[in-house]
Amino acid sequence: MALKELIEIKFRLADGSDIGPNKYTPATTVGSLKEKIIAQWPKDKDSGPKTINDVKLINAGMILENNRTLGESRLPVAEVAGGVITMHVVVRPPMNEKARGKLQADSLNKGGCACTIL
């Protein structure tokens, strides 16, 4: 693998701090990036993500899908030689059982369906 094939990415957290930059291959999945973010999450910050589903990665206004690779995600800045891509990290706030129940009740009140499809 040639060195120029690597994509350099840093992850911008909500408070403006960064994780990285690190270099990744185009075959790296978005899900594995999220796992690295969780593993490298600053220990001094509260409300860190617990699973990859708690994390959304946004690049160039697009939410990246877990099962896609960086190459498939068509990162526009990746084509700039020597450029570092900044991806924004959005963490879903933790929901306790009371908040989850209220969300479902609100959905039902607005005509939504809190159904489970088997």
Side-chain angles (χ1 to χ4, degrees):
M1 168 187 356
L3 187 61
K4 65 181 179 180
E5 289 180 17
L6 295 177
I7 302 168
E8 192 168 11
I9 301 173
K10 67 179 175 180
F11 303 101
R12 176 78 31 98
L13 307 180
D15 66 356
S17 63
D18 293 330
I19 295 175
N22 292 305
K23 293 182 180 183
Y24 304 94
T25 67
T28 304
T29 64
V30 172
S32 66
L33 289 179
K34 290 179 178 184
E35 290 172 353
K36 291 178 188 289
I37 290 169
I38 293 169
Q40 295 177 16
W41 193 264
K43 304 299 181 213
D44 61 338
K45 296 193 186 310
D46 293 335
S47 68
K50 304 292 185 231
T51 69
I52 64 171
N53 293 325
D54 294 339
V55 178
K56 288 187 180 183
L57 284 181
I58 301 172
N59 183 61
M62 297 181 342
I63 297 174
L64 304 181
E65 298 174 28
N66 289 346
N67 59 344
R68 301 202 61 179
T69 65
L70 292 175
E72 293 170 336
S73 297
R74 298 181 188 232
L75 303 176
V77 185
E79 297 172 4
V80 178
V84 177
I85 296 173
T86 300
M87 291 188 182
H88 294 270
V89 178
V90 177
V91 178
R92 179 184 312 199
M95 292 181 73
N96 59 27
E97 289 301 317
K98 183 177 178 181
R100 191 171 295 124
K102 182 176 179 344
L103 182 64
Q104 286 179 341
D106 288 348
S107 176
L108 287 174
N109 290 339
K110 294 179 182 175
C113 177
C115 306
T116 302
I117 299 173
L118 300 177

If I compare all heavy atoms of [X] with all of [Y], which pair ends up nearest, and what's the gap?
X: A27; Y: T69; value: O-CG2, 3.5 Å
X: R92; Y: N53; value: NH2-O, 3.4 Å
X: I52; Y: G31; value: CG2-O, 3.8 Å
X: N67; Y: E72; value: O-OE1, 4.2 Å

Would you say [X] and [Y] make side-chain contact, with heavy atoms under 4.5 Å?
X: V30; Y: S73; answer: yes
X: P26; Y: I7; answer: yes
X: D18; Y: L13; answer: no
X: L70; Y: I9; answer: yes

How many angstroms lie between [atom1] in [X] and [atom2] in [Y], if you round to the nearest 0.5 Å?
X: M62; Y: M87; atom1: CE; atom2: CE; result: 9.0 Å
X: I19; Y: K10; atom1: CD1; atom2: NZ; result: 12.5 Å
X: T86; Y: R12; atom1: OG1; atom2: CZ; result: 5.5 Å
X: I58; Y: L64; atom1: CD1; atom2: CG; result: 8.5 Å
X: T29; Y: Y24; atom1: OG1; atom2: OH; result: 11.5 Å
X: T28; Y: N22; atom1: OG1; atom2: CG; result: 11.0 Å

Please tabulate, one pair per line, all N/O donor-acceptor pairs under 3.5 Å involving side-chain atoms of residues 33-41, not counting sequence neighbours.
| residue | atom | partner | partner atom | Å |
| --- | --- | --- | --- | --- |
| K34 | NZ | V55 | O | 2.8 |
| K34 | NZ | N66 | OD1 | 2.5 |

* To do: Return the set of residues passing salt bridge (Lys or Arg N to Asp or Glu O under 4.0 Å) with R68 (not counting sequence neighbours), or none when no residue passes.
  =>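 If we apply the salt bridge (Lys or Arg N to Asp or Glu O under 4.0 Å) test to R68, skipping adjacent residues, there are no hits.
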* What pairs with D44 under salt bridge (Lys or Arg N to Asp or Glu O under 4.0 Å), at least two apart in sequence or on another chain? ->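 Applying salt bridge (Lys or Arg N to Asp or Glu O under 4.0 Å) to D44 gives none.
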* No-hydrogen, no-angle side-chain donor-acceptor test under 3.5 Å, S17 and D15 ->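 On atom types as modelled, these side chains qualify, holding a pair under 3.5 Å.
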